[in-house]
Amino acid sequence: MLSDEATPVVRATLPVVGAAIGEIAELFYRKLFDAHPELLRDLFNRGNQANGEQRQALAGSIAAFAGMLLERPDTRPDAMLARIAHKHASLGISSDQYKVVHRHLFAAIAEVLGDAVTPSVAAAWDEVYWLMANALIAIEARLYERAGVAEGEVWRRMVVTGRRQETPDAISLTLRPADGDGPAGAFRPGQYVSVGVRLADGARQIRQYSLSGAPGLAEWRITVKRVADGAGPDGEVSTWLHAHAAPGDVLEVSAPFGDLVLPAGDGPLLLASAGIGGTPMLAMLHRLAADRAAGGPARRVVVVHADREPGHHAHRAELRRLVEELPRAELHLWYEAGADAVDGHHEGGRAVVRRGRADLGAVALPEGLTAYLCGPLPFMRAVRGDLLRRGVPAEAVRYEVFSPDLWRA
């Protein structure tokens with residue numbers, strides 16, 4: 001909660017800071033990387049820096065947090081904070097790094113806004129920053145404790161035990177601890193891991209990939225879609241993995257994190273995905289199928305997936321098999337091309353295949369559902385809008401993104 005002294009100052013200056021936050025974020029990252037070039041080389045995603053998405057996400061999160069402090073002073077935006085904290089934990093961020101960010105961020109604010117940054121303005125926005133930073137530090141500390149690791153010590157060496165070509169641009173890799181000491185470990189269905197690779201120029205770049213296999217097995221599975229053609233930093237890690245990762249190779253992999261996880265209970269679910277966003281849904285369906293086989297509840301599950309064409313739909317046969325194992329599940333597939341060649345019902349039945357883009361207006365939704373979304377941001381925005389218009393409460397719609405979270409930017 002903002003102090004009584006800071007609240008009117010933040011309220012009065014939020015329009016000015018908000019209008020300049022993009023410029024502030026750009027200058028902040030320039031100052032940060034000038035002082036600490038190793039952060040860009042070995043921690044931050046160079047692709048997201050090059051295309052500007054990280055700057056937009058930082059600007060959006062700060063402005064959104066400040067706005068929420070003013071609009072709902074007695075609550076905390078836990079959903080937004082949790083998503084950021086899980087991503088930070090998967091990168092091994094430590095509490096000391098928030099002090100580094102603070103120093104360069106406030107230098108950027110002072111430089112961009114100039115004389116408008118009076119002592120009272122600086123103090124009020126300092127309060128905003130540390131409310132957000134300390135909340136994240138506390139959440140991340142709990143995540144590290146839950147993972148059984150010291151702060152930031154999330155990495156371990158894992159050996160690639162198998163590789164499978166799923167589609168022309170997607171591969172699956174199975175992983176096991178390189179020391180051979182036991183299974184890969186538990187994870188909650190829907191979680192992801194970070195993978196760090198050392199590139200040809202010496203940089204250590206990190207990307208996140210959902211755990212797409214069944215929880216509880218001795219090995220983990222990730223599915224990696226090659227981004228673009230790897231000509232720029234956007235796809236350099238996925239391109240490296242496609243070109244080099246093979247059985248016997250050792251990768252640096254984090255503990256599992258992510259808060260888009262399968263809820264307990266027997267409530268109805270909507271699992272909506274597009275493209276490679278279907279991977280966390282697979283882990284959820286594996287768990288649902290295992291629970292059902294063990295005598296658990298037969299939950300109502302509506303699965304929606306959209307893709308370019310059947311040949312580019314990774315794990316298509318596995319998805320259909322898992323839905324068939326759930327007596328109260330149904331599958332709705334949309335393909336922009338090639339839908340007529342897919343074996344399935346085009347009207348009625350538990351598996352429906354349609355041509356074009358996903359349209360939830362064609363799907364009967366159960367009352368009281370919890371929706372989980374993963375895929376490109378335009379897809380998730382469209383699906384969320386459809387759900388809200390159909391009366392699904394906003395708090396019942398959850399999502400995961402693997403680029404910077406631009407939802408609020």
Side-chain angles (χ1 to χ4, degrees), residues 161-162 164 166-167 170 172-176 183-193 209-223 256 258-307 310 313-334 342-345 348-353 358 363-375 383 396 398-400:
T161 58
R164 176 185 170 90
E166 302 293 347
T167 71
S172 287
L173 302 174
T174 50
L175 306 168
R176 194 165 187 142
F187 67 91
R188 299 176 71 189
Q191 289 191 308
Y192 56 82
V193 294
Y209 300 103
S210 291
L211 290 160
S212 60
L217 299 182
E219 298 179 331
W220 289 344
R221 184 182 71 180
I222 60 173
T223 305
D259 64 336
L260 189 84
V261 295
L262 184 70
D266 58 1
L269 301 171
L270 169 67
L271 308 180
S273 58
I276 202 64
T279 51
M281 310 310 182
L282 285 172
M284 294 185 187
L285 288 166
H286 273 290
R287 171 55 56 81
L288 290 168
D291 289 348
R292 179 58 186 161
R299 299 176 77 164
R300 176 82 187 278
V301 184
V302 178
V303 182
V304 169
H305 183 80
D307 231 305
H313 179 181
H315 305 290
R316 178 166 60 95
E318 182 178 341
L319 174 64
R320 297 190 66 158
R321 175 179 58 79
L322 288 167
V323 170
E324 288 297 324
E325 292 177 9
L326 298 170
R328 299 185 65 205
E330 59 190 65
L331 175 62
H332 298 265
L333 297 171
W334 274 268
V342 178
D343 179 28
H345 300 284
R350 291 180 59 202
V352 184
V353 184
V363 180
L365 299 178
E367 294 289 330
L369 66 79
T370 302
Y372 291 82
L373 318 180
C374 190
V383 171
R398 306 185 62 193
Y399 69 94
E400 184 66 88

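We number each residue from 1, following the sequence as shown. Treat the numbers as computed from the prediction; the structure is a model and nothing was measured. In what follows, every heavy atom counts, from backbone to side chain, and hydrogens, waters and symmetry copies are set aside.
Using modelled atom types, one side-chain atom of Trp220 and one backbone atom of Gly185 make a donor-acceptor pair closer than 3.5 Å. With Arg292 contributing its side chain and Leu326 its backbone, the two residues share no donor-acceptor pair below 3.5 Å.
Listed here is the closest heavy atom pair of Ala283 and Pro189: O-CB, 3.5 Å. The shortest non-hydrogen separation linking Ala218 to Arg176 is CB-NH1, 3.6 Å. The shortest heavy-atom contact between Met281 and Cys374 is CE-N, 3.7 Å. What you find for Leu322 and Ala289 is that their closest heavy atoms are CD2-CB, 4.2 Å. The two residues Glu400 and Gly258 come nearest to each other via the heavy atoms OE1-CA, 4.4 Å. The minimum heavy-atom distance linking Ala186 with Pro256 is given by the pair O-CG, 3.9 Å.
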Quiz: residues 259-280 side-chain donor-acceptor pairs under 3.5 angstrom, not counting sequence neighbours:
residue: Ser273; atom: OG; partner: His305; partner atom: ND1; Å: 2.8
residue: Thr279; atom: OG1; partner: Ile276; partner atom: O; Å: 3.0

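Residues Ser172 and Arg164 bring no donor and acceptor atom of their side chains to less than 3.5 Å of each other.
Judged as a side chain to side chain donor-acceptor pair (under 3.5 Å), and not counting sequence neighbours, Thr370 has no contacts. Tyr192 is linked by a ring pair (Phe, Tyr, Trp, His ring centres under 6.0 Å) to Phe402, counting only residues two or more places apart in sequence or in another chain. Qualifying side chain to side chain donor-acceptor pair (under 3.5 Å) partners for Thr174, counting only residues two or more places apart in sequence or in other chains: Thr161. With sequence neighbours excluded, no residue forms a side chain to side chain donor-acceptor pair (under 3.5 Å) with Arg188.
His313 has its side chain within reach of Leu319: a pair of non-hydrogen atoms, C-beta onward, lies under 4.5 Å apart. Looking only at side-chain heavy atoms (C-beta outward), Thr223 and His315 come within less than 4.5 Å of each other. Between Val302 and Leu369, every side-chain heavy-atom pair lies at or beyond the 4.5 Å cut-off. Side-chain contact between Met284 and Val301 is absent, with no heavy-atom pair separated by less than 4.5 Å.
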CA sep, side-chain torsions, deciding dist, call: Glu330, Arg300, salt bridge (charged side-chain N to carboxylate O under 4.0 Å, His left out): CA-CA 8 Å; Glu330 59 190 65; Arg300 176 82 187 278; 3.3 Å; yes
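Atom CZ in Arg221 sits 11.0 Å away from atom CG in Leu175 (nearest 0.5 Å). Arg316 CZ to Arg321 CZ: the interatomic distance, rounded to the nearest 0.5 Å, is 14.0 Å.
Of the charged side-chain nitrogens involved, none lies within less than 4.0 Å of a carboxylate oxygen, so that Glu324 and Arg320 do not count as a salt-bridged pair.
Applying the ring pair (Phe, Tyr, Trp, His ring centres under 6.0 Å) test to pairs two or more places apart or on separate chains, none has a residue in residues 266-297.
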